[in-house]
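What follows is a single structure, written as structure tokens, with notes after it.
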Amino acid sequence: MNKTLHALSEPNRMRIVELLRDGPLSVGDIAKRLRLQQPQASKHVKVLAEAGIAEVQVQANRRIYQLRPEPFRELENWVITYRHIWEEKFDRLEEYLQKLQGKQ
């Protein structure tokens, strides 16, 4: 998961992931939509692929990138382990609101 977090920590790579969320794209499409130079976009998608976040399919002379679901499931499972923190805060908020309404 450290590879995933490290790869996503760069703003352009995060923007690429957001683009790929809607479906596969070529490096040229990614570069055009994000107004990056193609070598710059290639460098970022290569990092995403090396981290296991994206996978590439070669179609003739084009490289089409798409997201892989596994790293996002791993992130979701990790975030869920912190869920109790905000649930406790909501419980305290609910108690406070009930006190304000005179229900306790």
Side-chain angles (χ1 to χ4, degrees):
M1 186 169 64
N2 285 342
K3 283 183 180 179
T4 301
L5 292 173
H6 178 72
L8 294 175
S9 68
E10 203 285 326
N12 283 321
R13 290 195 286 264
M14 185 64 106
R15 293 170 58 208
I16 290 170
V17 166
E18 288 172 0
L19 278 179
L20 293 175
R21 183 175 43 196
D22 296 332
L25 291 171
S26 70
V27 174
D29 289 337
I30 292 168
K32 185 176 177 181
R33 290 185 189 193
L34 296 181
R35 297 182 181 166
L36 298 172
Q37 297 295 318
Q38 189 153 345
Q40 189 181 13
S42 293
K43 182 185 92 179
H44 288 305
V45 291
K46 182 179 176 189
V47 172
L48 292 171
E50 288 173 352
I53 296 171
E55 61 189 5
V56 63
Q57 291 183 343
V58 178
Q59 294 178 358
N61 63 347
R62 295 178 57 186
R63 294 182 178 276
I64 308 296
Y65 285 86
Q66 64 183 17
L67 296 178
R68 295 181 63 246
E70 294 85 358
F72 297 99
R73 280 191 211 116
E74 187 179 14
L75 282 174
E76 181 182 23
N77 290 335
W78 179 70
V79 169
I80 285 172
T81 64
Y82 293 91
R83 185 188 203 160
H84 70 281
I85 294 170
W86 54 271
E87 285 179 340
E88 289 172 10
K89 290 183 179 189
F90 281 127
D91 288 346
R92 286 196 302 268
L93 176 63
E94 185 176 337
E95 288 173 15
Y96 177 72
L97 291 174
Q98 287 181 353
K99 276 184 187 177
L100 288 178
Q101 294 175 347
K103 291 184 178 178
Q104 280 190 336

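Count residues from 1 along the sequence.
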Counting only heavy atoms not in Q37, do more than 12 fall under 6.0 Å of its CD?
no
Reported CD-to-CD distance for the pair Q57 and E55, which is rounded to 0.5 angstrom:
6.5 Å
How close do A31 and Q38 get, heavy atom to heavy atom, and via which atoms?
CB-CA, 4.0 Å
State, with a plain yes or no, whether a side-chain heavy atom of I80 is found less than 4.5 Å away from one of E76.
yes
Are L5 and L20 grouped together when hydrophobic residues (ILVMFWY) are joined by side-chain heavy atoms under 4.5 angstrom apart?
yes
Is it true that a side-chain atom of R13 and a backbone atom of A7 form a donor plus acceptor pair closer than 3.5 Å?
yes
Evaluate the side-chain contact (heavy atoms from CB on, under 4.5 Å) criterion for residues L97 and E94: first the C-alpha distance (whole Å), next the side-chain angles of each, then the deciding distance (0.1 Å), finally the verdict.
CA-CA 5 Å; L97 291 174; E94 185 176 337; 5.8 Å; no
Determine whether I85 and V79 fall in the same hydrophobic cluster, where Ile, Leu, Val, Met, Phe, Trp and Tyr are linked whenever their side-chain heavy atoms lie under 4.5 Å apart.
yes
Grab the two heavy atoms, one from P71 and one from I53, that are nearest each other, plus how far apart they are.
CG-CA, 3.8 Å
Give me the atom names and distance for the closest heavy-atom approach of I30 to A41.
CG2-CB, 4.4 Å
Give the cluster check for L67 versus I64: same hydrophobic cluster or not, with ILVMFWY residues linked at side-chain heavy-atom distances below 4.5 Å.
no
State yes or no: do M1 and V47 share one hydrophobic cluster built from I, L, V, M, F, W and Y residues joined by side-chain heavy-atom distances below 4.5 Å, directly or via other members?
no
About how many Å separate CE of M14 and NE2 of H44, when rounded to the nearest 0.5 Å?
13.5 Å
ring-ring contact (aromatic ring centres under 6.0 Å, His included) between Y82 and W86, intermediate numbers included:
CA-CA 8 Å; Y82 293 91; W86 54 271; over 10 Å; no
Audit row: Y65, D29, side-chain contact (heavy atoms from CB on, under 4.5 Å) steps and yes/no
CA-CA 10 Å; Y65 285 86; D29 289 337; over 6 Å; no
Minimum heavy-atom separation for L34 and I16, please, with both atom names.
CD1-CG1, 3.4 Å
Test side-chain contact (heavy atoms from CB on, under 4.5 Å) on V58 and R62; report intermediate values, then the result.
CA-CA 6 Å; V58 178; R62 295 178 57 186; over 6 Å; no
Verdict with reasoning, L25 to R33, per side-chain contact (heavy atoms from CB on, under 4.5 Å)
CA-CA 10 Å; L25 291 171; R33 290 185 189 193; 3.7 Å; yes
Do any N or O atoms from the side chain of E10 and from the backbone of N12 form a donor-acceptor pair under 3.5 angstrom?
yes
Hey, what do you get for CD (E18) to CZ (R21), rounding to the nearest 0.5 Å?
5.5 Å
If we ignore hydrogens and angles and just use 3.5 Å, is the side chain of N77 paired with the main-chain N or O of R73 as donor and acceptor?
yes
